Amino acid sequence: MNMDKEFIQYLSQAKSTTGGTSLVTMYIPGNTDLWLVSSTLSSELSTSQNIKSKPVKKGVQSALKAAQNQIKMWNGSKAPSNGLVLCSGDIMEGKSCF
């Protein structure tokens with residue numbers, strides 16, 4: 001998906017479908033090893049088990065798993081030299097961002 005100013009503005013105003021904090025955004029610096037990003041996402045997924053609200057927990061876990069899948073599909077073992085922004089989660093109006 002092309003990241004233009006309009007889309008970034010849309011994401012900045014997006015609301016989670018759970019009403020909680022189930023939207024995940026990662027800023028990955030250039031040339032970062034993607035195994036490290038995947039490891040961080042796995043750690044966050046483990047930590048998300050402590051979320052008490054079931055809808056929020058489900059939303060966070062879904063967003064983290066989707067982010068992991070996007071990283072797995074990325075070509076190469078490192079982020080591009082100019083970095084990478086990863087947005088994941090379900091937002092109101094039935095739209096998803098990855």
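Being a predicted model, the structure only gives us computed values, none of them experimental.
- In E6, the CD atom is not crowded: 12 or fewer heavy atoms of neighbouring residues, nucleotides or ligands sit closer than 6.0 Å.
- The CG atom of N69 lies 11.0 Å from the CG atom of L64; values are rounded to the nearest 0.5 Å.
- For the residue pair Q68 and S42, a side-chain donor N or O sits within less than 3.5 Å of a side-chain acceptor on the partner.
- Residues I28 and A79 share a closest heavy-atom pair of CG2-CB, 3.8 Å.
- L45 approaches S48 most closely through the heavy-atom pair O-OG, 2.6 Å.
- Side-chain atoms of T47 come within 3.5 Å of backbone atoms of S43 as a donor-acceptor pair (strictly under, hydrogens ignored).
- In this structure a side-chain-to-backbone donor-acceptor pair under 3.5 Å is missing from S62 to K58.
- With values rounded to the nearest 0.5 angstrom, W35 atom CH2 is found 8.5 Å from T40 atom OG1.
- The structure places CD of Q70 at 12.5 Å from CE of M26, a figure rounded to the nearest 0.5 Å.
- When all heavy atoms of S88 and A63 are compared, the pair lying nearest together is OG-O, 2.7 Å.
- In this structure, C87 and V85 have side chains that are in contact, with non-hydrogen atoms separated by less than 4.5 Å.
- Between the CH2 atom of W74 and the CG atom of L84 there is a distance of 5.0 Å, given to the nearest 0.5 Å.
- Residues K78 and L34 fail the side-chain proximity criterion, which asks for heavy atoms closer than 4.5 Å.
- Nearest heavy atom pair, residue K57 against residue I51, reads CE-O, 2.9 Å.
- Atom CD1 of I71 and atom CG of L86 lie 5.0 Å apart (nearest 0.5 Å).
- Residues S38 and L41 fail the side-chain proximity criterion, which asks for heavy atoms closer than 4.5 Å.
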